[in-house]
There are 2 protein chains.
Amino acid sequence: MDKELIATNLRNHHLKVTPQRLKIVESLNTFGHLNIDMLYQEVKEAYPNVSLATVYKNIAIMTENGLLEKVKLPESKSVFEIRKEPHLHLHCSKCGKIEDISFDTEQIRAHAEAVSGYSIQSSDIVLRGVCPACQTNAKK
Amino acid sequence: MDKELIATNLRNHHLKVTPQRLKIVESLNTFGHLNIDMLYQEVKEAYPNVSLATVYKNIAIMTENGLLEKVKLPESKSVFEIRKEPHLHLHCSKCGKIEDISFDTEQIRAHAEAVSGYSIQSSDIVLRGVCPACQTNAKK
DNA sequence: CTATAAACGATAATTTTTTTCCTTAAATAA
DNA sequence: TTATTTAAGGAAAAAAATTATCGTTTATAG
């Protein structure tokens, strides 16, 4: 995802293309998932006098517009990611790393709808465990 | 879940049995899922000069001890519930109601482990949608 | 029944998030 | 391209949420 595409996405949502916003999205593009503090640090590196409020306001408005998504994690601070197809999150309880894996939630959805009568719109799935690297380290 | 059982559970975890704690657990038993404000209101009804800090401290220590569980929901404040077998949460986007449904997460877990190499310990699944009652109301 | 350690309530402190307000910069139209 | 407008930025204050402190009270082990 290059700068021009990000800019286009912003414009499509009637959001101005600012350096701070570009940096936020680029950082998420690079690291996948970042919490508010990490994002602030990232943007600050490029724009030292960015305000934390700016980061807050931007993730809020970009989330409202569906460009970003907030992922609430058990035990830790929420992270943000660039919105893409629905997927599932793996969260390493040792190192905190977060990974996306694609997964078809259709079965879950069908089951839930059948059992409950709800009309399901979206699903949030976070699996907590130990990543391969941390498993290896633990064995040493 | 009656008072005596709650008391036993608390004692098993070396937590003193106080009226405030009993009320918290009883409220969760009655309503299923409550956020911090609702819990505070509930306890306050029975014990008008309970401190909000007491509610915070108690849900924290009971959560640490595995008696309660915190459920993080997209878009809204986290709620607490009494810990039981792993299950799935349905959250109505209209009325905010939360429902538990039982669901075997084994397939998801197996898939995730196979694809990622993670060793999965737990899963958090929240489905967002419209409950039957709100679907009916919407049609009127 | 007493001693002790945990929990309580009140409050302060901290942390997190949102709002305000004035200035600056991006977008739109001339 | 320049001028106008409107959104966004930064700094700071305010608000909201959570945690810590401390003297007092209460549950429980002995």
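Residue A:Lys16 contributes atom NZ, which lies 13 Å from atom P of D:dT5 at whole-angstrom precision. Following rounding to the nearest Å, B:Glu64 (CD) and C:dA7 (P) show an atom-to-atom distance of 11 Å. Here C:dA7 presents its C1' atom at 16 Å from CG of B:Leu52, a figure rounded to the nearest Å. One interatomic measurement links the two molecules: NZ of B:Lys72 to P of C:dT16, which rounds to 12 Å at whole-angstrom precision. Between A:Asn65 atom CG and D:dA8 atom C1' there is a gap of 14 Å when expressed in whole angstrom units. The nearest whole Å value for the distance from the CD1 atom in A:Ile61 to the C1' atom in C:dT19 is 15 Å. Nucleotide C:dC8 holds its P atom 10 Å from the CG atom of B:Leu10, rounded to whole Å. If you measure from atom OH of B:Tyr40 to atom P of D:dA17, you get 13 Å, rounded to the nearest angstrom.
Of the listed nucleotides (D:dG10, C:dC8, C:dT17), C:dC8 has the atom at the smallest distance from the side chain of B:Thr18. Distances from the side chain of B:Val17 to the nucleotides D:dT28, D:dG10, C:dA27 place D:dT28 closest.
Side-chain nitrogen and oxygen atoms of B:Asn35 include none within less than 4.0 Å of the OP1 or OP2 phosphate oxygen of D:dA17. OP1 or OP2 of D:dG10 sits under 4.0 Å from a side-chain N or O of A:Gln20.
Hydrophobic clustering (side-chain heavy atoms under 4.5 Å, transitive across Ile, Leu, Val, Met, Phe, Trp, Tyr) keeps B:Ile98 apart from B:Ile101.
Under the 3.5 Å distance criterion, the side-chain polar atoms of A:Asn58 are matched with a main-chain donor or acceptor of A:Thr54.
No donor-acceptor contact under 3.5 Å links the side chain of A:Lys57 to the base of C:dT18.
With respect to the salt-bridge test (charged N to carboxylate O, under 4.0 angstrom), the residues A:Asp37 and A:Lys77 qualify.
Both A:Ala53 and B:Tyr56 lie close to DNA chain D; mapped to their nearest nucleotides by heavy-atom distance, the more 5′-ward contact belongs to A:Ala53. Between A:Thr54 and B:Ala60, the residue anchored closer to the 5' end of DNA chain D is A:Thr54, taking for each the nucleotide with the nearest heavy atom.
The aromatic rings of A:His89 and A:His33 sit perpendicular to each other, their planes meeting at more than 60°, with 30° as the lower class boundary.
Remark: of the listed residues B:Arg128, B:Glu75, B:Glu99, B:Lys97, B:Arg128 is the sole one forming a side chain to side chain donor-acceptor pair (under 3.5 Å) with B:His91.
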